Amino acid sequence: MAGRGGLLMLENFIGGKFLPCSSYLDSYDPSTGEVYCRVPNSGKEEVEAAVEAARAAFPGWSSRSPQERSQVLQRLADLLEQSLEELAQAESKDQGKTVTLARTMDIPRAVQNFRFFASSILHHTSECTQMDHLGCLHYTVRAPAGIAALISPWNLPLYLLTWKIAPAIAAGNTVIAKPSELTSVTAWMMCRLLEKAGVPPGVVNIVFGTGPRVGEALVSHPEVPLISFTGSQPTAERITQLSAPHCKKLSLELGGKNPAIIFEDANLAECIPTTVRSSFANQGEICLCTSRIFVQKSIYSEFLKRFVEATRMWKVGIPSDPSADMGALISKAHLEKVRSYIKKACMEGAQILCGEGVDKLNLPPRNQAGYFMLPTVITDVKDESCCMKEEIFGPVTCVVPFDSEEEVIQRANNVKYGLAATVWSGNVGRVHRVAKKLQSGLVWTNCWLIRELNLPFGGMKSSGVGREGAKDSYEFFTEVKTITVKH
Ligand SMILES: NC(=O)C1=CN([C@@H]2O[C@H](COP(=O)(O)OP(=O)(O)OC[C@H]3O[C@@H](n4cnc5c(N)ncnc54)[C@H](O)[C@@H]3O)[C@@H](O)[C@H]2O)C=CC1
Ligand SMILES: N/C(=C\C=C\C(=O)O)C(=O)O
């Protein structure tokens, strides 16, 4: 919907209706740095209205059979798929990623999220145990937990939001979602499809706005018993504090400082292009991206040379360019934050082998004020440097040498995060050994980001609390009860 000055004006979606808000935020096109959209700046009032709508919808939706709910999810998946191209264009404009990535990864995965949970909800079973000596049978039943708060970040907007909405409503909950204020457009577009898919009013409510205003009102609301959050560790800490007085159930998917461990027997022809992708896909703005590359000394020089050559081929371009591998970063503030890490690395004596400050970015005049930067490789950096410790969340990766298996495991684990690691080796025994010892919720060996949605996804240490996936999400979005029958 075009508003004043031709800007796209979003509205909240509450109780099946689009509702305007009394105040709005500017939203920028990261590829030009221009405002192109206005997002509701919601607060307590909008959260109250959404809670009322979600409460009213809960009895009807939660008493439908899993089969009935599954059909609704399948229809929504079909409708999203029919709008794939429109959604991909919108995601790219709003986030800065390439249209190609949005078309081949973000939107297909959003569709798959609904299809996946539409299917998995049909296959859960409950537990039963016997105590024959006491004449007792024990069994469990599960029920939807109630109104779920779903808070998602700006890096994979529709992909991560639907990863929460789909399991929550499949299990019979009603939801209030708050996408990132930086990337709200595709969530708003999805709302236009809900009625046609058969989602009753009030089952999915979306309130747009900032974390401190609408996010905090939502997570501290006494009638919202569970929160699924993906984003940064400081925000997770704040949400934990706000929800503590109500003992809410939390699922927290946070950041990473993900190592790639490359042994001398790795297949470099596969490892190098995959590690370029794992470092720089989506501008390095995925919590699973590699940012510390440990390479065994005997192949270090060869790896470095070939890795830098391959990184220089990773093309930064305007998001609509089909030959671009990488688009713009999310915001000016984020671009400055990412660049500041490179400055700090230089001050510490590190070397920048390619990218920021070394190579030249080539952009059309219209995009000169966009938030672009080149993929950057840093070396000669100490393990204690902030570039090796803190989540940068941009197209920056560090490469360092190592000698032995024991040493590299210790160094890889020597950060506060524990989300995703990759291990490259042709030695199957070593691969299992190292994977087992890494403090990481996910380990990909000789590959990256091959997702099996059935299995647990999430991090250890400061990378999160809880797991999501077929069984884990079902358990999170339901309350379990143990019943004992004496016969
Ligand atoms: N999955 C991940 O690992 C992600 C990590 N990040 C990291 O976080 C850094 C900052 O990015 P941000 O967008 O600022 O992340 P963030 O954690 O502030 O934002 C994520 C979501 O939480 C909401 N939020 C923020 N403050 C809140 C509060 N007090 N109560 C409730 N909701 C709140 C935001 O509006 C957004 O929807 C990035 O540079 C990156 O390092 C960012 C996005 C995703
Ligand atoms: N949570 C994130 C990525 C998840 C990817 C997946 O489920 O496949 C993130 O980048 O924040």
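Whatever order the structure lists ligands and atoms in, that order sets their numbers, starting from 1. Predicted model, so just to flag it, every value in this text is computed and none were measured.
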Practice problem: Specify whether W188 and F18 have parallel, tilted or perpendicular ring planes, treating 30° as the upper limit for parallel and 60° as the lower limit for perpendicular. | Solution: perpendicular
Quiz item: Is the closest side-chain donor-acceptor distance between N258 and Y417 under 3.5 Å?
Solution: no
Quiz item: If you count only heavy atoms, which residues are under 4.0 Å from ligand 1?
Solution: I151, S152, P153, W154, N155, K178, P179, S180, E181, G211, G215, E216, F229, T230, G231, S232, T235, R238, I239, L254, G255, C287, H334, K337, E391, F393
What does the contact table look like for ligand 2 (nitrogen or oxygen on each side, cut-off under 3.5 Å)?
from: ligand 2; atom 1: 7 (O); to: R109; atom 2: NH2; distance (Å): 3.3
from: ligand 2; atom 1: 7 (O); to: R451; atom 2: NE; distance (Å): 3.2
from: ligand 2; atom 1: 7 (O); to: R451; atom 2: NH2; distance (Å): 3.0
from: ligand 2; atom 1: 8 (O); to: R109; atom 2: NH1; distance (Å): 2.8
from: ligand 2; atom 1: 8 (O); to: Y159; atom 2: OH; distance (Å): 2.7
from: ligand 2; atom 1: 8 (O); to: R451; atom 2: NE; distance (Å): 2.7
from: ligand 2; atom 1: 10 (O); to: N155; atom 2: ND2; distance (Å): 2.8
from: ligand 2; atom 1: 10 (O); to: C287; atom 2: N; distance (Å): 2.7
from: ligand 2; atom 1: 11 (O); to: N155; atom 2: ND2; distance (Å): 3.3

Quiz item: Will you find, in the side chains of E85 and Q89, an N or O donor that is under 3.5 Å from an N or O acceptor?
Solution: yes
Quiz item: Among side-chain atoms of K178 and S42, is any donor-acceptor pair under 3.5 angstrom?
Solution: no
Practice problem: Give a yes or no on whether the backbone of G459 and the side-chain of R467 come within a donor-acceptor separation of less than 3.5 Å. | Solution: yes
Exercise. Consider only side-chain N and O atoms of S228 and E468, and report whether a donor and an acceptor are under 3.5 Å apart.
Key: yes
Quiz item: Are the side chain of T275 and the backbone N or O of I272 linked by a donor-acceptor pair below 3.5 Å?
Solution: no
Practice problem: Check whether the side chains of Q95 and E285 place a donor and an acceptor atom closer than 3.5 Å, and report yes or no. | Solution: yes
Quiz item: Donor-acceptor pair, E91 side chain versus L158 backbone, under 3.5 Å?
Solution: yes
